[in-house]
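Shown next, in structure tokens, is the structure this report addresses.
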Amino acid sequence: MERYEPLKIEQKWQKIWEETKPFRATEEPGKPKMMLAEMFPYPSGAGLHVGHVRNFTIVDVLTRFYTQQGLNVLRPFGYDTFGLPAENYAIKTGTAPQDVTKTNIANFRKQAKRLGYAIDWNREINTSDPEYYKWTQWCFLQLYKKGLAYQKESYQWWCPEDQTVLANEQVENGKCWRCGHEVEKKKMKQWFFKITEYADELLEEIDSLEWPEKIKTMQKNWIGRSVGAEIDFEVVGGAPHITVFTTRPDTIYGATFLVVAPEYTALDSLLTDDTREKVLDYKATALKKSEIERQENKEKTGVFTGSYAINPATKEKIPIWVADYVLAGYGTGAIMAVPAMDDRDHEFAEKFDLPIVETELCDRDLFGTPKVTYRMRDWLISRQRYWGCPIPIAYDKDGNPHPIPEDQLPVLIPEVDDYKPDNSGRSALAKAKDWLKVTINGEEMTRETDTLDGYACSSWYLWRYASPHDEDAAWNQDAIKYWEPVDYYCGGDHAVAHLLYIRFWCKFFADEGYLPFREPIKRLLYNGYINAPDGKKMSKSKGNVIDPLDVINDGYGADTLRTYEMFIGPYDMDAAWDPRSVGGVYRFLNRCWTLAFATEYSRTDKTINIRHKTIKKVTEDIHRYNFNTAVAALMEYVNELYKSGATEEDVITLAKLIKPFAPHLASEMLEKLSADDEWPQWDEKYLVSDTVEVIVQINGKLRAKLTVSADDLNDEKKITNLALADEKVQKYTKSGVKKTIFVPKAKLLNIVI
RNA sequence: GCCCGAGUGGCGGAAUUGGUAUACGCGUUCGACUUAAAAUCGAAUGGUGAAAACCAUAUGGGUUCAAGUCCCAUCUCGGGCACCA
């Protein structure tokens, strides 16, 4: 007898899919479409891990499900290839990042194909391909033209290990998100995208998205809208007035001192000969302090500037202090301290013996002008690194920036011998002397040597998928109108950064007339992590990594791997890998195979009810993303087919229903049965049976079960009498019945005694 | 500190609208097949108890005919933010 040999079956079908290209998508106006994508991977040297498999398989289950339902489905694939791992590898080994990337992509592609994903391989994209980053540069220029890409000198997070600045979103607990080194503040001239221009719209439209509440809340908190007022305080002695931001302008009568941040721009004008040295000393110390130190030691520090301001409400002279608990980047970098109302101000006042005055509240608009402030800052995009998309800017003799004309794009990454950045604050691009020189409109200029944050490259890739080979535009208007916005986007990371940036670019390009929608992603599925069997995060150093390719090659095959990862638990929860449960899923698929290839079909259709019930359950579960219970329902179905005997229709139905999870096995089964893969329909009439079981409770506890005809469910009196006549029930009802409650929907009768 | 999630058998988890708690899988035990093992097939499996029955969804209260599900308080774990005025 033949046996279920997954590797053989999978090789066969993967070859067929490679040759016949059934997943190629083309626009068919009038036919309903569905576009799905995962967050494209960074192709590391280690190859696919089980987390990728979970992420990609969720998308694949939906892709195949909607294809079987007859929609025109697009499921593309791509690689996010710029970034530090490839560059650091290049520095270490001297291998060009271009070459490493090529090798890693080839490996990822090969592995993804072994998982049997229904990908339109004609739409593969790679962010470090000049044909792609040409258009990333074009996007930058559009933002630049509108003043939304600009340069500013300010204090920025600097990673001394990676020798580059970082965005706020890339600093985690005071450490670099890539190398984990503590970051410092450094004053530098850097490029920014003006995301704050869209703060209100980004905030308002969150509620309209079919996204997990968790992500929506995180984005709302990140944007951090505060409604308050700006109030001017005159400085005694004629220095420029100080504007503070406060959410409580009504507490101004209690403002007994002002505090400015160490980085406050007009700090010098407040200093006196007596205080200057001490204050500048304090400022220098504060700037040197790493974020870690600031967090570990939250005890208030600060010094008196020597100047006083006038409280416009009380007309009293109040001292101006400088302290690092006031942040330069938020509000105006200066606050009015109301120690009677605010805990932080109170702590500061106590420590430095400043007056604390109980305050009567006044009208909010009496002394200030209403003002809205955001926690979110503009997006810092320049990086002093080699392996990124060059910023398409050049500087004239006077140092003024000029955009590279669009017909001179792409600005190619120059070849260099040494990829290592130095501490000059410039990337390795500065070493390509010939490349640096560029002529724009006849004028000799010097190129910008910073590259773009990788998040810029991933802020528009979903639109490139619509027309990945277009040479005349970043995306084709007809294609984008047909396919997008994306219907399902699936990932397990980047809750704030990427998912906020792509919304920002979408709104910008919609304003410019390039996009016919203002939100790029309709539904977001945020999947959980897969941990090691011990419940800990998988990591090379702990040696607890499960390699998905090993699972396949061990003989389980891709169908088992895919189905197991869908069965492991709710898709949005973290789960621990359990090698023994993998075996359980393999046994299930083996039983499916046996039904199709080694069992005689039953001639009597005893399973029509469970067949229709299973179709309904699996269909609805996939709609709800309850992939684990969909698989469980299929297991129940198979168990029942073993018991009662399976008809040919049962096996065809089973094959169709498992195809999203185990496409190779299902294809093999459908081929044997000469059946198509059209998604089956259920008929409600087979879901109701002639007799039903009625639960009889006494005081809410299950005491008896009655089998009655389905029609009797409408007859409360009859059911009640039947129940009261029941032997088991009568044991409890000797002392009388207070009342009965019948719930036909729940098929339940509760007797209260 | 603040804002979200979560807590159910030996384990992963189910219970969709307040209505039979523990689906499905793993593990364990027993049986069939086999010289034997593996594989496969079948049965049992929350706890206590001889049974009747009682007790069980983190803990303590409450609402309800009925609570894993709703309300209040507490504990534990996970995630996010963290001097944002």
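Reminder, nothing fancy here: chain letters follow the sequence lines and each chain counts from 1.
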Next item on the list: Report yes if some heavy atom in the side chain of A:Lys616 is under 4.5 Å from a heavy atom in the side chain of A:Glu684; otherwise report no.
Entry: yes
Item checked: Complementary nucleotide for B:A52 - Watson-Crick or wobble, under 3.5 Å -> none
Next item on the list: Tell me the partner of B:G42, counting only Watson-Crick (N1-N3 plus N6-O4 or O6-N4) or G-U wobble (N1-O2 and O6-N3) with both under 3.5 Å; none if nothing fits.
Entry: B:C30
Would the [X] and [Y] ring centres measure less than 6.0 Å apart?
X	Y	result
A:Trp593	A:Tyr586	no
A:Trp321	A:Phe348	yes
A:His494	A:Tyr455	yes
A:Phe352	A:Phe304	no

Next item on the list: Establish, yes or no, whether the cationic atom of A:Lys300 lies under 6.0 Å from the six-membered ring centre of A:Tyr325 and within 45° of the ring axis.
Entry: yes
Margin query: Regarding B:C65, can its base be found pairing with the side chain of A:Lys738 as donor and acceptor, where the two atoms are less than 3.5 Å apart?
Written below: no
Item checked: Side-chain donor/acceptor contact of A:Lys701 with base of B:U20 under 3.5 Å -> no
Next item on the list: Side chain of A:Lys739 only, please: which of B:C24, B:C83, B:C65 is the nearest?
Entry: B:C65
Can you name the atoms? Protein N/O to nucleotides 27-33 of chain B N/O, anything below 3.5 Å, with the distance.
none

Notebook entry, point to check: Pick the nucleotide of RNA chain B nearest each of A:Met573 and A:Gly224; which residue has the one closer to the 5' end?
Noted result: A:Met573
Notebook entry, point to check: Can you check whether A:Lys731 has a side-chain N or O nearer than 4.0 Å to OP1 or OP2 of B:A53?
Noted result: yes
Item checked: Side-chain N,O (A:Asn628) to OP1/OP2 (B:A14) below 4.0 Å -> yes
Next item on the list: Calculate the interatomic distance between A:Leu500 atom CG and B:G80 atom C1'; express it in whole Å.
Entry: 15 Å
Check: Taking the C1' atom of each, how far is B:C75 from B:C26, in whole Å?
Finding: 31 Å
Next item on the list: Please state the C1' separation for the pair B:A14 and B:U69 - nearest whole angstrom.
Entry: 14 Å
